[in-house]
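The structure under discussion appears below in the form of structure tokens.
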Amino acid sequence: MNLQGLQRHITNLNQWNKDNFKGFFFASQRIGYLKQPVWSVLSELSGEFETSADGIHLKDAFDSFESRTQVLGEVVDVLLSRGVMTHRHGEKYPVTHQGRERSIATIDRAAAPYFGLQAYGQHVNGYVRREGDLYLWIARRSADRVNFPNLLDNMVAGGLPYDLSLQENLRKECMEEASIPAELADQAVPVGALTYCRETPTGLKPDTLYCYDLELPPDFRPCNSDGEVAEFKLVPVQEVVEVVAETDEFKPNCNLVVIDFLIRHGIVDPESPGYLDLVLGLHRKF
């Protein structure tokens, strides 16, 4: 098996240059990283932010969850008015230095990478067993998606908003993306979390993906209901291995979810050189 072909996806999703960023702080805790032109905009807003040698600080005067959410929303308005950001997503994402449960505010999902904020998602490997062989349900993203149109995707994958629990969001995404009823979605097995940190032209994505395996009945057929998926295909796992190792047909972070599935199900040989690099590379510390 071509482990180098798998490893390149992990490498590509962990490329960033700290020299391109300034820290973003509140109460002496770094909550994000700012890239030009965002940090210049914040440095102009002296009523709300202070600039220091280590970065830009939201002032302690914003001493409530609501006031911090409001001021960050106003900054997003400025970024939109200046053309730095192009749109809002409409979902609330947590602003935190450590874990969703320790959020200090919320911000629109589309703004998270502009502020280099930790973001969270959920991905489900839908699979079927046939005569001892594994098959994965693979989605193809719709052509009108803003990000990564037409690329392959995990059966169910979505962001994790601030105001939904893991179980609530998993049920929602399963129904919207694949018409999986709640009683079947609840059978999804949590199998861990993956992390990566990637620089983008506009900012930084230090992301955490909660991963699940869901073994589906042989006669189940996923059906999209929100327009985000063009089609589903049931693919033998060895064919999926080849696609991930030899091509860039998958949305980048979905490669990591597939690689993790291959490792956990013993499809990637632990005797192969580079095996531990794969395992450790899926769990980078920010």
Side-chain angles (χ1 to χ4, degrees), residues 1 3 6 9-10 13 100 119-141 151-160 164-196 207-225 228-229 231-245 249-270 275-276 278-284:
M1 184 178 295
L3 294 197
L6 303 180
H9 297 298
I10 296 173
L13 281 173
R100 297 175 69 237
Y120 302 85
Q122 289 175 296
H123 287 234
V124 180
N125 299 291
Y127 70 98
V128 174
R129 297 184 190 272
R130 287 185 176 175
E131 298 179 355
D133 294 326
L134 285 176
Y135 293 73
L136 279 167
W137 278 108
I138 302 299
R140 184 173 295 278
R141 297 165 65 83
L151 291 189
L152 300 179
D153 207 330
N154 305 124
M155 182 186 71
V156 173
L160 181 55
L164 291 177
S165 70
L166 287 161
Q167 183 182 30
E168 289 169 339
N169 193 61
L170 184 66
R171 286 180 171 182
K172 178 181 78 72
E173 292 292 336
C174 281
M175 177 55 70
E176 291 176 352
E177 297 206 354
S179 299
I180 299 171
E183 60 270 20
L184 184 53
D186 287 348
Q187 297 178 29
V189 179
V191 293
L194 311 179
T195 58
Y196 63 89
D207 291 352
T208 297
L209 306 180
Y210 291 93
C211 296
Y212 302 78
D213 284 356
L214 177 57
E215 184 170 1
L216 294 161
D219 59 349
F220 179 83
R221 297 290 182 271
C223 178
N224 182 246
S225 63
E228 295 185 0
V229 176
E231 63 174 347
F232 289 98
K233 286 187 176 181
L234 188 61
V235 184
V237 72
Q238 291 300 333
E239 185 177 328
V240 177
V241 172
E242 293 175 7
V243 173
V244 173
E249 291 190 35
F250 272 93
K251 178 174 174 281
N253 64 355
C254 295
N255 288 296
L256 274 58
V257 178
V258 173
I259 292 168
D260 180 60
F261 180 90
L262 300 176
I263 291 169
R264 290 184 292 98
H265 287 264
I267 297 160
V268 173
D269 184 1
Y275 175 84
L276 281 180
L278 279 182
V279 174
L280 298 175
L282 294 171
H283 307 94
R284 298 290 180 92

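A donor-acceptor pair under 3.5 Å is formed between the side chain of Ser225 and the backbone N or O of Glu176. Of the possible polar contacts, none joining the Glu239 side chain to the Pro236 backbone as a donor-acceptor pair under 3.5 Å is found. Asn224 places a side-chain N or O within donor-acceptor distance of the main-chain N or O of Glu177, the cut-off being under 3.5 Å. Using a distance-only test at 3.5 Å, with no hydrogens or angles considered, no donor-acceptor pair links the side chain of Thr195 to the main chain of Thr208.
Taking 4.5 Å as the limit, some side-chain heavy atom of Phe250 sits within range of a side-chain heavy atom of Ile138. Contact check for Val268 versus Leu3: side-chain heavy atoms found under the 4.5 Å cut-off.
Across Leu214 and Leu184, no two heavy atoms sit closer than the pair CD1-O, 3.5 Å. Scanning all heavy atoms of the two residues, the minimum distance from Leu170 to Ala188 falls at CD2-CB, 4.1 Å. In plain terms, the two heavy atoms of Val124 and Cys174 that are nearest each other are CG2-SG, 4.4 Å. Taking every heavy atom of both residues into account, Pro222 and Phe220 meet most closely at N-CE2, 3.5 Å. The two residues Pro252 and Leu13 have their closest heavy-atom pair at O-CD1, 3.5 Å. For the pair Asn154 and Ala139, the tightest heavy-atom approach, listed with the atom from each and the gap, is O-CB, 3.7 Å.
Tyr135 contributes atom OH, which lies 6.0 Å from atom CZ of Arg130 (distance to the nearest 0.5 angstrom). The distance from the CD1 atom of Ile180 to the CD atom of Glu173 is 11.0 Å, given to the nearest 0.5 Å. Considering CG of Leu216 and CE of Met155, their distance stands at 5.0 Å, rounded to 0.5 Å. One finds the CD atom of Gln122 at 5.0 Å from the CG atom of Leu160 (value rounded to the nearest 0.5 Å). To the nearest 0.5 Å, atoms CG (Leu209) and NE2 (His123) are separated by 4.5 Å. Atom CZ in Arg140 sits 6.5 Å away from atom NZ in Lys233 (nearest 0.5 Å).
In summary, of the residues considered (Val240, Val241, Val128), a side chain to side chain contact (heavy atoms under 4.5 Å, CB included) with Leu136 occurs for Val240 alone.
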Please walk me through it: do Ile263 and Tyr275 pass side chain to side chain contact (heavy atoms under 4.5 Å, CB included)?
-> CA-CA 9 Å; Ile263 291 169; Tyr275 175 84; 3.6 Å; yes

Apply the test side chain to side chain contact (heavy atoms under 4.5 Å, CB included) to residues Leu152 and Cys254: give CA-CA distance (whole Å), side-chain angles for both, the deciding distance (0.1 Å), then the verdict.
-> CA-CA 8 Å; Leu152 300 179; Cys254 295; over 6 Å; no

Please report the C-alpha distance between Ile267 and Gln238 in whole Å, then the side-chain angles of each, then the deciding distance to 0.1 Å, and finally whether the side chain to side chain contact (heavy atoms under 4.5 Å, CB included) criterion is met.
-> CA-CA 8 Å; Ile267 297 160; Gln238 291 300 333; 3.8 Å; yes

Side chain to side chain contact (heavy atoms under 4.5 Å, CB included) assessment of Phe261 paired with Leu134 = CA-CA 11 Å; Phe261 180 90; Leu134 285 176; 4.2 Å; yes

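Counting only residues at least two apart or on different chains, the side-chain hydrogen bond (donor to acceptor under 3.5 Å, both in side chains) pairs with a member in residues 249-262 are His9-Asn255, Tyr196-Asn253, Lys251-Asn253, Asp260-Arg264.
When the side chain to side chain donor-acceptor pair (under 3.5 Å) test is applied to His265, the partners found at least two apart in sequence or on another chain are Asp213.
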